[in-house]
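First up is the structure itself, then whatever we jot down about it.
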Protein chains: 2
Amino acid sequence: MEHRISDLLKKHGLRSTTMREEVLRTFFAANKRALDHPELERRLPHADRITLYRTLKTFAEKGLIHEVVDGGLATKYALCPDSCTEHQHHDEHAHFHCQDCGKTICLEATATATVQVPTGFRVKQTHLVVEGSCDECF
Amino acid sequence: MEHRISDLLKKHGLRSTTMREEVLRTFFAANKRALDHPELERRLPHADRITLYRTLKTFAEKGLIHEVVDGGLATKYALCPDSCTEHQHHDEHAHFHCQDCGKTICLEATATATVQVPTGFRVKQTHLVVEGSCDECF
DNA sequence: AGGATAATGCAACAATATTGCAAATGAAAA
DNA sequence: TTTTCATTTGCAATATTGTTGCATTATCCT
Ligand SMILES: [Mn+2]
Ligand SMILES: [Mn+2]
Ligand SMILES: [Zn+2]
Ligand SMILES: [Zn+2]
C-alpha cells in the first residue's frame, strides 16, 4: 500500500511528501466517498490548512482526484480512475448525494443522457447527480 | 407585469416589498438564466447585501426560485415553474452551464436517466447539468 | 553529499454567507 | 383612516471557504 501511494504520486509527476501521502491514504480509505476540506482537516488534525488547499488543487490538476459538485458549501473531491492524467480527466461517472447525511459517492454508471439544448449551444459533457437517501439513512 | 409580481408574492404567502419586487423583476428579465448574489448586487446597486441573501433564501423556501448547482463559487438561483410551492418543488429540468462565460440556464428537458445505485440506497430525484458553450461563445 | 527546484507554513487578504438586534414597514383590524 | 403588530429591513459582528506572497524547509537528481 505504501508503494501504491508513492508510486501513484511519482506516476503523476509529484514529489512524495508526508502531507500528500496522508491525504492520498485518506482518499483510499474513504472508499469512493467524496471528501471536502473540512472533513480532511478533521481526519488530519495536524495538517496545515493552506497546504491542504494546495494539495487538493494540485491533485485535481494532476489527475489524482476530481471535483464532485453536489451543492454543498465546500468543494468535494474523490479519487480518479487510473486513466486520468494531468492532460485529461475521464470522470464521466454519476454521483450519489445523500440528502440526509450529506455523504457523496462516485457511482459506476456513466451519464449518457442526451438533452435538447437551444440552437447554437454546444454540449461538451454532462454531469449527473442522483439525490436520495443512502443505506445508513434508510 | 406589476400585478404578476405582487400577485406571485401574495400567492406564496409573502409581503410585497420594494426589494422583493425588484429581485423578482430581475429574475423575470433574466429569461431562464440563473443569477447569483454578486450579479444581483450589480443589477440592484442600492440593495442591501444581507437583505438580498435573506430574500433569496426566503424565495427558495417558498417555491419562487430554486438553487442551480453548476460548480460556480456563489450559489445560483433561477425562477421556479408555477407548480412549485412552499411544500414541494418540481424542478426536475436539466440545466446548461457555459464553460466559457459561466452563464447557466434552465432547459426544458427533464432528466429521466435511470441510474444503478448500491443496495439500500434510495433515489428521490436526479439533477443533470450539461456543460458546453452557449450561442454567444461559439 | 551538494544544489536546483518544489513544497511547506505562516500571515495577510478576499469572497461568500449567517446571526443578532433595533428600527422601519406592510397589511390586517379597528 | 388610523391603529396595531408581526414581518422585514439595515447595520454590525462573525463565520466559513478559499487565495496569494514570501521566507524557510524538504525532496530528489546528479
Ligand atoms: Mn479524474
Ligand atoms: Mn422550484
Ligand atoms: Zn446518508
Ligand atoms: Zn456562454
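Letters A, B, ... are given to chains in the order of the sequence lines, protein chains preceding strands, and every chain is numbered from 1.
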Would you mind reading off the distance between [X] atom [atom1] and [N] atom [atom2], rounded to a whole angstrom?
{"X": "B:E41", "N": "C:dT16", "atom1": "CD", "atom2": "P", "value": "9 Å"}
{"X": "A:H46", "N": "C:dT8", "atom1": "NE2", "atom2": "P", "value": "12 Å"}
{"X": "A:E22", "N": "D:dA26", "atom1": "CD", "atom2": "C1'", "value": "15 Å"}
{"X": "A:I50", "N": "C:dT8", "atom1": "CD1", "atom2": "P", "value": "12 Å"}
{"X": "A:H12", "N": "C:dA6", "atom1": "NE2", "atom2": "P", "value": "18 Å"}
{"X": "B:R42", "N": "C:dA15", "atom1": "CZ", "atom2": "P", "value": "12 Å"}
{"X": "B:E61", "N": "C:dT18", "atom1": "CD", "atom2": "P", "value": "10 Å"}
{"X": "A:D48", "N": "D:dA23", "atom1": "CG", "atom2": "C1'", "value": "14 Å"}

(request) Scan A:K57 against the nucleic acid and name what it touches under 4.0 Å (heavy atoms): base, sugar-phosphate only, or nothing. (result)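 Sugar-phosphate only.
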(message) Return a single string for nucleotides 3-8 of chain D, one symbol per nucleotide in 5' to 3' order, where B is base contact, S is sugar-phosphate-only contact and - is none, cutoff 4.0 angstrom on heavy atoms.
(response) ---BBS
Out of [options], whichever nucleotide has its closest atom nearest the side chain of [X]:
{"X": "B:P38", "options": "C:dC10, C:dT16, D:dT9", "value": "C:dT16"}
{"X": "B:A74", "options": "D:dG18, C:dG9, C:dA17", "value": "C:dA17"}
{"X": "B:R54", "options": "D:dC11, C:dT18, D:dT17", "value": "D:dC11"}

(message) Check the phosphate of C:dA17 against B:T75, side-chain N and O only, distance under 4.0 Å to OP1 or OP2. Yes or no?
(response)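 For C:dA17, OP1/OP2 do have a side-chain N/O of B:T75 under 4.0 Å.
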(message) It should be established whether A:Y53 places a side-chain nitrogen or oxygen under 4.0 Å from OP1 or OP2 of nucleotide D:dG18.
(response)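 Yes, such a contact exists.
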Check whether any side-chain N or O of [X] sits under 3.5 Å from a backbone N or O of [Y] as a donor-acceptor pair, and report yes or no.
{"X": "B:K11", "Y": "B:S6", "answer": "no"}
{"X": "A:H90", "Y": "A:S83", "answer": "yes"}
{"X": "B:H66", "Y": "B:A78", "answer": "yes"}

(message) Heavy-atom nearest nucleotide on DNA chain C for B:T18 versus B:H37: which residue maps closer to 5'?
(response)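 Looking at the nearest nucleotide for each, B:H37 comes out on the 5' side.
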(request) Indicate, yes or no, whether a donor-acceptor pair under 3.5 Å links the base of D:dG18 to the side chain of A:R49. (result)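 Donor-acceptor pair under 3.5 Å: yes.
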(request) Please find out if less than 6.0 Å separates the ring center of B:F121 from that of A:F96. (result)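 Ring-ring flag for B:F121/A:F96: true, centres closer than 6.0 Å.
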(request) Could you list the residues that satisfy ring-ring contact (aromatic ring centres under 6.0 Å, His included) with B:H127, not counting sequence neighbours? (result)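 Counting only residues at least two positions away or on another chain, B:H127 forms no ring-ring contact (aromatic ring centres under 6.0 Å, His included).
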(request) Quick one: list whatever passes salt bridge (Lys or Arg N to Asp or Glu O under 4.0 Å) with B:R33, sequence neighbours left out. (result)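 By the salt bridge (Lys or Arg N to Asp or Glu O under 4.0 Å) rule, B:R33 matches B:E39.
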(message) Any non-hydrogen side-chain atom of B:L56 less than 4.5 Å from a side-chain atom of B:L40?
(response)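 Of all side-chain heavy-atom pairs linking B:L40 with B:L56, at least one is under 4.5 Å.
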